[in-house]
Amino acid sequence: MAQSSPLRVLILGGTTEASLLARLLLDKPGVSPVLSLAGRTRNPVLPPIPHRIGGFGGVAGLVRYLTEEGVELLVDATHPFAARITPNAAEAARLTGVPLLRLERPGWVPGPGDDWRMVPDMRAAARALGAAPRRIFLTIGRQDLIPFRDEAPQHEYLVRSVDPPEASFLPARTSILTARGPFDVAAERALLMDARIDMLVTKNSGGSDAKLIAARACVLPVIMVDRPSVLNGARTETAEAALAWILDHGTLTARGA
């Protein structure tokens, strides 16, 4: 009997979980994965499997890619705050009939000693800083700084991101720290103390919580931006579970694996 073609899987990536899934799929018999990166990070860590960099051009472009490339499974492992690609992926999967899995790590939850103020978006986060000038540590990436420039210019900011932000996005009194995680608790605590930070602003991205442990140790309040609404559909929180979903859907034995 002729061997069937490998199962074609598209992973929408940019997270630690996407990279881990790519490693789990490396040389997996009967699976042909491609990892797609949005291209927002200038020097991304490239995966060990075939990859592409750049957007698709909205829902229509993603539908075209899925169809032309014969994609049979779609895994959305983008950032929890990727506001456009997640709904686009859901709609493209609906239109093409390609099974979709959302791979999203669990969010953080406050523990004893934490002082969190939950807010729904970045403008609410900027307003929650209050009127009195403070020293603020922003760990929200480089795309969401404009609300702080417009709504709370009186504060002094330390902004950490993988790449330098656009100068036009920045509040007037801003210092930039370019760094790529993960970070350890001791270094995070030293940073908060050396920079004399009064408050931390971050997104509920999940994953490494070193900065939150450090904030707790320094008795600092945290403005925590909630995740966007969760879409319906198949979901998992780990790369291992996503691998099992792929293998279950692939009927690899029938494909000659």
Side-chain angles (χ1 to χ4, degrees), residues 11-26 34-55 75-86 103-108 122 125 135-146 148 156-171 174-195 197 199-218 220 222-225 227 237-239 242:
I11 304 165
L12 306 176
T15 60
T16 301
E17 289 71 28
S19 298
L20 178 55
L21 179 58
R23 292 195 296 272
L24 292 174
L25 286 169
L26 182 63
V34 172
L35 179 61
S36 178
L37 300 172
R40 290 189 175 182
T41 301
R42 295 175 187 173
N43 295 296
V45 177
L46 297 179
I49 62 173
H51 65 277
R52 63 177 301 280
I53 297 177
V75 178
D76 174 14
T78 57
H79 194 276
F81 285 82
R84 292 182 181 177
I85 188 61
T86 290
L103 169 55
E104 184 177 278
R105 60 190 175 225
W108 294 311
M122 288 300 163
R135 294 178 64 86
I136 310 298
F137 185 28
L138 292 181
T139 63
I140 57 172
R142 59 193 178 94
Q143 303 293 325
D144 294 307
L145 297 170
I146 290 176
F148 299 91
E156 186 172 350
Y157 294 96
L158 174 60
V159 173
R160 183 169 69 193
S161 61
V162 175
D163 296 315
E166 294 291 335
S168 62
F169 291 2
L170 297 176
T174 300
S175 300
I176 305 299
L177 174 62
T178 55
R180 189 192 300 269
F183 306 100
D184 65 71
V185 173
E188 294 289 75
R189 185 171 181 179
L191 175 62
L192 295 175
M193 296 176 67
D194 292 346
I197 297 299
M199 190 174 291
L200 166 67
V201 180
T202 194
K203 301 173 178 177
N204 194 349
S205 303
S208 172
D209 61 350
K211 62 192 170 190
L212 298 175
I213 297 173
R216 182 190 308 145
C218 294
L220 293 182
V222 175
I223 305 299
M224 183 68 70
V225 181
R227 292 182 175 186
E237 295 181 342
T238 69

Self-check item: Evaluation steps, side-chain contact (heavy atoms from CB on, under 4.5 Å), between Leu200 and Leu212
Solution: CA-CA 9 Å; Leu200 166 67; Leu212 298 175; 4.0 Å; yes
Can you check whether [X] reaches [Y] side chain to side chain, under 4.5 Å on heavy atoms?
| X | Y | answer |
| --- | --- | --- |
| Ser205 | Arg105 | yes |
| His51 | Leu46 | yes |
| Ile136 | Glu156 | no |
| Val225 | Asp144 | no |

Nearest atoms (heavy-atom pairs only) where [X] meets [Y]:
| X | Y | value |
| --- | --- | --- |
| Pro80 | Glu104 | CA-OE1, 3.8 Å |
| Ala18 | Gly13 | CB-CA, 3.5 Å |
| Ser161 | Gly141 | CB-C, 4.4 Å |
| Leu192 | Ala215 | CD1-N, 3.7 Å |
| Thr202 | Ile140 | CA-CG2, 4.0 Å |

[atom1]-[atom2] distance between [X] and [Y], expressed to the nearest 0.5 angstrom:
| X | Y | atom1 | atom2 | value |
| --- | --- | --- | --- | --- |
| Met193 | Leu220 | CE | CG | 10.0 Å |
| Thr174 | Leu158 | OG1 | CG | 9.0 Å |
| Thr178 | Arg142 | OG1 | CZ | 11.5 Å |
| Ile53 | Leu35 | CD1 | CG | 9.5 Å |
| Ser168 | Ile146 | OG | CD1 | 6.5 Å |
| Lys211 | Leu191 | NZ | CG | 11.5 Å |

Would the distance check show the side chain of [X] and the main-chain N or O of [Y] forming a donor-acceptor pair, the cut-off being under 3.5 Å?
| X | Y | answer |
| --- | --- | --- |
| Thr15 | Ala77 | yes |
| Arg160 | Ala179 | no |
| Arg227 | Asn204 | yes |
| Trp108 | Lys203 | no |

Quiz item: Can Asp76 and Thr78 be counted as having a side-chain donor-acceptor contact under 3.5 angstrom?
Solution: yes
Quiz item: Can you name the salt bridge (charged side-chain N to carboxylate O under 4.0 Å, His left out) partners of Arg52, sequence neighbours left out?
Solution: none
Quiz item: How far apart are the C-alpha atoms of Leu103 and Ile11, what are their side-chain angles, what is the distance that settles it, and do they pass the side-chain contact (heavy atoms from CB on, under 4.5 Å) test?
Solution: CA-CA 10 Å; Leu103 169 55; Ile11 304 165; over 6 Å; no
